Colleague: 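Could you have a look at this structure, given as structure tokens, before my questions?
All values reported here derive from a predicted model rather than from experimental measurement. Just so we're on the same page: letters track the sequence lines, and every chain starts at 1.
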Protein chains: 2
Amino acid sequence: MRAVKPKRLDDSPLAEKREQILQGAIQVFLNHGYAGTSMDRVAAAAGVSKQTIYSHFQDKEGLFTALVERVTIHRLQRELGMQDLHGEPEELLYQLATVFLHKLSNPEYLNLFRVLIAESARFPELAQLYSRTVIHRGRQMLSAYFRAHPELKITDPEAAAHIFSGSLVSFLLAQEILYGKQVSPLEGERVIKQLVALIVQRSDSS
Amino acid sequence: MRAVKPKRLDDSPLAEKREQILQGAIQVFLNHGYAGTSMDRVAAAAGVSKQTIYSHFQDKEGLFTALVERVTIHRLQRELGMQDLHGEPEELLYQLATVFLHKLSNPEYLNLFRVLIAESARFPELAQLYSRTVIHRGRQMLSAYFRAHPELKITDPEAAAHIFSGSLVSFLLAQEILYGKQVSPLEGERVIKQLVALIVQRSDSS
DNA sequence: AACTCATCATACTGGACAGTCTAGTTTGAT
DNA sequence: ATCAAACTAGACTGTCCAGTATGATGAGTT
């Protein structure tokens, strides 16, 4: 029984099929990109007939859009709704960077990132969705922390927040996505330590 | 006969055609991506018949590869063979970051970057070419400068070099490519100032 | 003049694929 | 048991496009 009638959107059989399709679509789109993905392949990966996809989503663009929204929102809740950033700066920043780098190393996340960049010209709304939800919020949280710690003597918390997360994102971009790992290896650990040092050690002066 | 009159590869009529094709290809590939580019369109943009393209390049992949090599090498020579990084740290780093950010803001450069990332899975050699020539060398130059300035007290010059350039690259990525500009504006100037402050002000201590 | 080579314009071939259609099957509520 | 909605399998259409083929033009060489 289903609570008399008001079927919840998130466990009705319809929503289950929709989710099943999205799961298949995630596999294919994130591994082969938008152009490299055929609807037949999505259907096969989702274990669903092609017609069913078209009864749940308007077309390929609609499916892709829904997919990115789905993954982005999911990530947001899981990864940013975690801690509220308190603690001794050196230790906290180190932990934060480590967790951040580790989570973003997940292939599915890297693939989402690559596809978002690849299709940012064709789907600017999706790129903006990502900017608004993930990047902007992350920056806000981190800059709030910097503001709450005047002993760090950070004059521009937003800019500093960008530098912090941007260094880590571009690290993954260079090392993983552009295969820099095989050209000039650089340990993530080293970047994190240097980054924390740049931010924390300035408070030694004065 | 061909060695009798040693036509220079770079100004013979053949090479001119090749260059003409590449110029057309740059326009189309960098603006529409690999999949979004048809050979007919390249031919039209280059003002050349399709057959001519196929007599200069093996196929679409070959043309794309040649294009990326061409642009990457060109860029490298123009943008990295510039200064040798000497001068007072605060002023020099500020200037360097400003020039760097300004040059990378060029749409053609951003498009190359986007396409490289988009196709990094399909063309890993090209991504590595970029890593090897541009990223790696840039990092080497900058870390050499840090090493030559012990008063900056940088314990890990390579990591610091990555943080410096990575912050700026990810800034463009977030603000321009992912349209963050329209979501949460952040002046490049602010990032540069904060970045320089993080690196330089530490030398006040001790 | 005869030959060669690069080029051009255009037509063609074959394959991939988005999206539709048809016809038959399952499921679940009443 | 009946009915409608959701689903499946697979054929089909129209389009796009990489790559090839054809046949003609023009320039330089011998």
Colleague: Specify the separation, in whole Å, of atom NZ of B:K17 and atom P of C:dA6.
Modeller: 13 Å
Colleague: Hey, does A:L93 have a side-chain heavy atom less than 4.5 Å from the side chain of A:I199?
Modeller: yes
Colleague: Give the nucleotide from the list C:dC17, D:dC17, C:dC8 with an atom nearest to the side chain of B:S49.
Modeller: C:dC8
Colleague: Side chain of A:Y54, heavy atoms from C-beta onward: which of C:dC17, C:dT20, D:dT8 has the nearest atom to it?
Modeller: C:dT20
Colleague: Please figure out whether A:M39 or A:Q51 has its closest DNA chain C nucleotide nearer the 5' end.
Modeller: A:M39
Colleague: So, are B:K193 and B:E187 salt-bridged, with charged N and O less than 4.0 Å apart?
Modeller: no
Colleague: Think A:S55 has a side-chain N or O under 4.0 angstrom from the OP1 or OP2 of D:dC7?
Modeller: yes
Colleague: What nucleotide among D:dC7, C:dC17, D:dA18 has an atom nearest to a side-chain atom of A:T52?
Modeller: D:dC7
Colleague: Does A:H56 put a side-chain nitrogen or oxygen below 4.0 Å from OP1 or OP2 of D:dA6?
Modeller: no
Colleague: What's the CG-P distance between B:L63 and D:dG19, to the nearest Å?
Modeller: 10 Å
Colleague: Can you tell me which residue among B:Q20, B:E19, B:Q27 is in a side chain to side chain donor-acceptor pair (under 3.5 Å) with B:Q23?
Modeller: B:E19
Colleague: Taking CD1 from B:I21 and C1' from C:dT7, how many angstroms apart are they, rounded to a whole number?
Modeller: 10 Å
Colleague: Between A:F164 and A:F100, is there a side-chain heavy-atom distance shorter than 4.5 Å?
Modeller: no
Colleague: If you check the A:D59 side chain, which of C:dG19, D:dG19, D:dT8 turns out closest?
Modeller: C:dG19
Colleague: When the distance from CZ of A:R18 to C1' of D:dC7 is rounded to whole Å, what number comes out?
Modeller: 17 Å
Colleague: Output the rounded distance in Å from CZ (A:F57) to C1' (D:dA6).
Modeller: 15 Å
Colleague: Tell me what B:G47 touches on the nucleic acid: a base, only sugar-phosphate, or nothing, going by heavy atoms under 4.0 Å.
Modeller: sugar-phosphate
Colleague: Tell me: CG of B:D40 to C1' of D:dT15, nearest whole Å?
Modeller: 14 Å
Colleague: Taking only Lys NZ, Arg NE, NH1 and NH2, and the carboxylate oxygens of Asp or Glu, determine whether B:E158 and B:R147 approach each other closer than 4.0 Å.
Modeller: yes
Colleague: Rounding to an integer number of Å, can you tell me how far A:E16 CD sits from D:dA6 P?
Modeller: 14 Å
Colleague: Starting from P on D:dC16, measure out to NZ on B:K60 and report it in whole angstrom.
Modeller: 15 Å
Colleague: Go through the N and O atoms of the side chain of A:K50 and the base of D:dG10, and report whether any donor-acceptor pair is under 3.5 Å.
Modeller: no
